[in-house]
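For reference, the structure discussed in these notes is given below.
Just so it is clear, the values below take in all heavy atoms, side chains as well, and ignore hydrogens, waters and symmetry mates. Everything numeric in this text was worked out from a predicted model, so none of it was measured.
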Amino acid sequence: MSTGVVIVAAGSGKRMGGQRNKLWLPLAGEPILAHTVRLFATHRDVDHIVLVVSEQDHADVREWLRKEAIQLTVVLGGAERQDSVRNGLGALSENCTYVLVHDAARPFVTREQISDMIKQVKQDQATIMAVPVKDTIKVVGVTGIVEATPARESLWAVQTPQAFRMSLLREAHEAAQRAGKVGTDDAMLVEWLGHSVTVVQGSYENIKITTPDDLWFGEEILRKRKGE
């Protein structure tokens, strides 16, 4: 029962404000992408990795992988993240029983957390990493009026990786494509299919690098982990 990983790196990173994909920005002297890919490429329980990239980044990614001597499969993404994940699933080895889907812009997930996700998905078939929200959340209408205040105890902020039985996630994506269903994450498609999804508590350090402030925070996370 082997495990594959789809790393989604096909976004543009517009909110970072640069001309190039944010994944090439330096984090502790190396591209964000390098931190994420190496984490999975050196994990003992990961058997196959598919890296999904944009056409614009394809040549640069190929050259970087050649220098790094990292063995994985590179495929082009689609118009939306959901399309990119589906392309990645199509390129994974048929021997993979389980699959983790991870955003390349989250380089701070730990090896132990990856192991926990792999262990949990073998039991539950569909599981996500998330953390309880710290703030009070308001539902606000288009007119700017507060419509509801959900109970904070039931709210969790979802992270990646998300883990699934391969056959289940493929079924969910194929059904969604036929129905024109768009989900904000892969778990949403599995939920829509009628399958339950469990939660593994993640870490507040497992941030997604989206803005310049996140880069600063990321540097602090790495210094903390090194004991500096």
Q: Could you tell me whether the side chain of Leu39 reaches within less than 4.5 Å of the side chain of His43, counting heavy atoms only?
A: no
Q. Can a donor-acceptor pair be found between the side chains of Gln162 and Asp185 at a distance below 3.5 Å?
A. yes
(Q) Return the CD1 to CD1 distance between Ile209 and Ile32, rounded to the nearest 0.5 Å. (A) 4.0 Å
Q. What residue pairs, at least two apart or across chains, pass ring-ring contact (aromatic ring centres under 6.0 Å, His included) with a residue in residues 180-212?
A. none
Q: Identify the heavy atoms of Thr198 and Gln120 that sit nearest to each other, and give their distance.
A: OG1-CG, 4.3 Å
Q) Salt-bridged, Glu68 to Arg38, with N to O below 4.0 Å? A) yes
(Q) Any donor-acceptor pair under 3.5 Å linking the side-chain atoms of Ser54 with those of Asp57? (A) yes
Q) Any side-chain heavy-atom pair from Met166 and Thr97 closer than 4.5 angstrom? A) no
Q) With sequence neighbours left out, what residues match His102 under ring pair (Phe, Tyr, Trp, His ring centres under 6.0 Å)? A) Phe40
Q) In chain order, what residues pass the side chain to side chain contact (heavy atoms under 4.5 Å, CB included) check against Ala104, with sequence neighbours excluded? A) Ile7, Ala9, Leu23, Leu33
Q | Lys/Arg N to Asp/Glu carboxylate O, Glu94 vs Arg170, below 4.0 Å | A | yes
Q: Identify whether Leu25 and Leu51 are in the same connected component of the hydrophobic contact network (ILVMFWY, side-chain heavy atoms under 4.5 Å).
A: yes
Q. So, do Arg152 and Lys134 sit near enough that their side-chain heavy atoms are less than 4.5 Å apart?
A. no
(Q) Determine whether Arg111 and Thr42 satisfy the following criterion, side-chain hydrogen bond (donor to acceptor under 3.5 Å, both in side chains), listing intermediate values before the conclusion. (A) CA-CA 9 Å; Arg111 296 181 189 279; Thr42 57; 2.8 Å; yes
(Q) I'd like to know if Arg86 and Asp83 make a salt bridge, using a cut-off of under 4.0 Å between side-chain N and carboxylate O. (A) yes
**Q.** Note, Thr149 side chain near Val139 side chain (heavy atom, < 4.5 Å)
**A.** no
Q.
Could you measure the distance from the CD atom of Gln113 to the CD atom of Gln159? Nearest 0.5 Å is fine.
A. 7.5 Å
Q.
Test of understanding: with side chain to side chain contact (heavy atoms under 4.5 Å, CB included), list the residues that count as partners of Ala151, not counting sequence neighbours.
A. Glu153, Ser154
Q) Taking only residues at least two apart or on different chains, which pairs with a member in residues 120-179 satisfy ring-ring contact (aromatic ring centres under 6.0 Å, His included)? A) none
Q: Side-chain contact test, heavy atoms from C-beta onward, threshold under 4.5 Å: evaluate it for Ile145 versus Val140 and give yes or no.
A: no
Q: List in chain and number order the residues that pass side-chain hydrogen bond (donor to acceptor under 3.5 Å, both in side chains) with Arg165, two or more places apart in sequence or in another chain; answer none if no residue qualifies.
A: Tyr98, Gln125
Q) Does any donor atom in the side chain of Ser2 or His48 lie under 3.5 Å from an acceptor atom in the other side chain? A) no
Q. Does Ser203 reach the side chain of Thr110, with side-chain heavy atoms less than 4.5 Å apart?
A. no
